Amino acid sequence: MERLQKVIAQAGIASRRKAEQLIVEGKVKVNGKTVRQMGVQVSSSDTVEVNGVEIGKEQKVYFLFNKPKKCVCTVNDDKDRETVMDYFQDVRERIFPVGRLDYETTGLLIMTNDGEFANLMMHPRNHIHKTYEVAVKGIITDDMCRMLENGINLQDGKTLPSEVIVLQRSRKKNRTVLQITIQEGRNRQVRRMMEFFHCEVTRLNRIQYEFLDLGQLRQGQYRRLRSYEVRKLKNIANANLNAE
């Protein structure tokens with residue numbers, strides 16, 4: 001048995017707090033009856049509906065997506081901008097992004113309808129490695145790279161150690177291109193790490209998520225994750241959590 005709001009959150013429909021709001025607003029039914037109070041426990045044999053749609057009956061699906069620029073990582077956008085969902089018109093399941101890439105950032109994004117998997121991937125203690133290629137205006141010196149590798153103090157605390165490779169450094173063009181691997185999921189983290197050195201990011205592309213890379217996928221294209229890839233991601237995350 002689990003709390004109703006947790007079941008809704010794990011289905012990827014809403015955050016735990018938003019799920020509680022949906023319950024209070026009378027938008028959730030259990031076995032055909034509207035539930036408005038907190039603390040209701042449900043089991044796998046119970047039928048849960050949110051806004052008239054039954055949850056938990058869809059087959060779990062997982063996609064690797066190459067996100068284009070100027071595309072937001074939300075299911076709906078109140079500013080009527082293009083969203084990642086516009087690229088999945090043929091997918092019947094109610095999928096959503098695992099984490100986010102900001103509006104201008106491109107690259108590897110996982111989409112799924114498995115809320116439990118998404119929560120595992122985004123858990124702050126699982127230390128999933130994410131690799132980016134970042135181009136900046138300005139020169140990132142070797143000393144700066146060592147600072148990035150050891151962790152720098154941002155407004156929300158010191159970053160965990162990262163791996164940094166200099167791909168290109170041109171003083172004539174006042175440009176540096178780095179490959180940086182982080183193990184956190186802070187908001188706009190790579191951009192803020194570059195801003196720490198007063199360097200403007202001109203291009204940011206996520207190229208790898210643990211062992212997954214984009215392969216031959218062009219921007220806007222996606223493929224299904226293979227079952228062994230999903231298992232491997234879960235094993236990595238669980239191993240990291242258990243090592244804490």
Side-chain angles (χ1 to χ4, degrees), residues 62 64-67 69 73 97-112 116-171 173-215 225 228-244:
Y62 312 84
L64 189 157
F65 176 50
N66 189 349
K67 175 194 171 296
K69 285 181 71 173
C73 289
V98 178
R100 292 188 176 186
L101 294 177
D102 64 43
Y103 190 59
E104 296 289 338
T105 300
T106 60
L108 197 157
L109 184 70
I110 294 176
M111 305 284 292
T112 186
E116 189 172 354
F117 169 82
N119 290 335
L120 179 62
M121 293 300 105
M122 294 186 293
H123 196 290
R125 294 198 345 254
N126 75 5
H127 302 317
I128 292 290
H129 289 78
K130 297 169 280 284
T131 302
Y132 298 78
E133 188 172 296
V134 54
V136 301
K137 287 182 181 178
I139 300 301
I140 302 292
T141 66
D142 289 343
D143 285 342
M144 292 175 180
C145 288
R146 282 189 285 272
M147 291 175 66
L148 290 169
E149 289 175 333
N150 292 328
I152 58 174
N153 288 308
L154 300 180
Q155 193 171 16
D156 53 355
K158 188 175 182 179
T159 60
L160 292 176
S162 59
E163 300 174 18
V164 181
I165 299 172
V166 177
L167 301 178
Q168 184 184 100
R169 185 188 284 147
S170 172
R171 294 191 179 276
K173 296 180 179 179
N174 191 36
R175 183 172 185 262
T176 308
V177 181
L178 302 174
Q179 180 176 299
I180 181 167
T181 300
I182 62 174
Q183 49 180 316
E184 300 173 274
R186 303 192 201 184
N187 184 42
R188 299 182 69 254
Q189 181 173 339
V190 175
R191 291 185 185 275
R192 291 192 291 135
M193 291 168 80
M194 298 300 105
E195 290 167 2
F196 180 86
F197 298 110
H198 307 289
C199 290
E200 178 188 349
V201 173
T202 58
R203 176 170 53 83
L204 183 59
N205 184 40
R206 184 153 76 185
I207 60 175
Q208 197 162 335
Y209 192 96
E210 281 293 346
F211 59 91
L212 294 173
D213 60 39
L214 291 168
L225 284 180
Y228 79 86
E229 292 174 323
V230 176
R231 286 197 304 272
K232 190 171 180 179
L233 286 172
K234 289 180 179 179
N235 289 340
I236 291 170
N238 282 317
N240 290 339
L241 287 172
N242 292 334
E244 286 282 323

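FYI, the numbering just counts along the sequence from 1. If you're wondering where the values come from, they're calculated on a predicted model, not measured in any experiment.
The shortest side-chain heavy-atom distance between Met193 and Ile182 falls under the 4.5 Å cut-off. Side-chain contact between Tyr209 and Leu233 is present, with at least one heavy-atom pair separated by less than 4.5 Å. With a 4.5 Å cut-off on side-chain heavy atoms, Lys158 and Asn153 count as touching. With contacts defined as side-chain heavy-atom distances shorter than 4.5 Å, the pair Val136/Phe197 does not qualify. A 4.5 Å side-chain heavy-atom check between Gln179 and Thr131 finds at least one atom pair inside the cut-off. Within the 4.5 Å cutoff, the side chain of Leu212 has heavy atoms near those of the Ile110 side chain. Between Arg175 and Val177, some side-chain heavy-atom pair lies under the 4.5 Å cut-off.
Counting all heavy atoms, side chain and backbone alike, Ile139 lies closest to Ser170 at CD1-O, 3.5 Å. The minimum heavy-atom distance between Gly107 and Leu101, with the atom names listed, is O-CD1, 3.7 Å. Closest non-hydrogen pair, Gly99 versus Cys73, comes out as O-CB, 4.5 Å.
Judged by distance alone, with hydrogens and angles left aside, the side-chain atoms of Glu210 form a donor-acceptor pair with the main-chain N or O of His129 at under 3.5 Å. Using modelled atom types, one side-chain atom of Asn126 and one backbone atom of Met121 make a donor-acceptor pair closer than 3.5 Å. Between the Ser162 side chain and the Leu148 main chain, a donor and an acceptor come within less than 3.5 Å of each other. In this structure a side-chain-to-backbone donor-acceptor pair under 3.5 Å is present from Thr176 to Gly138. In this structure a side-chain-to-backbone donor-acceptor pair under 3.5 Å is present from Gln183 to Pro161. Looking only at distances, a side-chain donor or acceptor of Lys130 sits under 3.5 Å from a matching main-chain atom of Glu184. No donor-acceptor pair closer than 3.5 Å links the side chain of Asn66 to the backbone N or O of Leu214. Within the 3.5 Å criterion, the main-chain N or O of Ile152 finds a donor-acceptor partner in the side chain of Thr159. In this structure, Lys69 contributes its side chain and Arg203 its backbone to no donor-acceptor pair below 3.5 Å. In terms of modelled atom types and a separation under 3.5 Å, the side chain of Arg186 and the main chain of Gly157 share a donor-acceptor contact.
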Apply side-chain contact (heavy atoms from CB on, under 4.5 Å) to the pair Val164 and Ile140, showing each step before the final yes or no.
CA-CA 11 Å; Val164 181; Ile140 302 292; 6.0 Å; no
Where do Leu204 and Glu104 land on the side-chain contact (heavy atoms from CB on, under 4.5 Å) test, with the steps shown first?
CA-CA 8 Å; Leu204 183 59; Glu104 296 289 338; over 6 Å; no
Evaluate side-chain hydrogen bond (donor to acceptor under 3.5 Å, both in side chains) for Arg191 paired with Thr105, printing each intermediate quantity in order.
CA-CA 10 Å; Arg191 291 185 185 275; Thr105 300; 3.1 Å; yes
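We find the CG-CG distance between Leu64 and Leu108 to be 4.0 Å, quoted to the nearest 0.5 Å. Of the inter-residue distances, the one linking Asp156 atom CG with Gln189 atom CD reads 8.0 Å to the nearest 0.5 angstrom. Distance check: Glu229 CD to Lys234 NZ gives 13.0 Å after rounding to the nearest 0.5 Å. If you take CG on Leu178 and CE on Met194, they are separated by 5.5 Å, rounding to the nearest 0.5 Å. For the atom pair CG (Leu160) and CD (Glu149), the distance works out to 14.0 Å, reported to the nearest 0.5 Å. Expressed to the nearest 0.5 Å, how far CD1 of Ile236 lies from CD1 of Ile128 amounts to 6.0 Å.
Enclosure of atom CZ in Arg169 by more than 12 non-hydrogen atoms of other residues, nucleotides or ligands within 6.0 angstrom is indicated. The environment of Asn187 atom CG is sparse: at most 12 non-hydrogen atoms of other residues, nucleotides or ligands sit within 6.0 angstrom.
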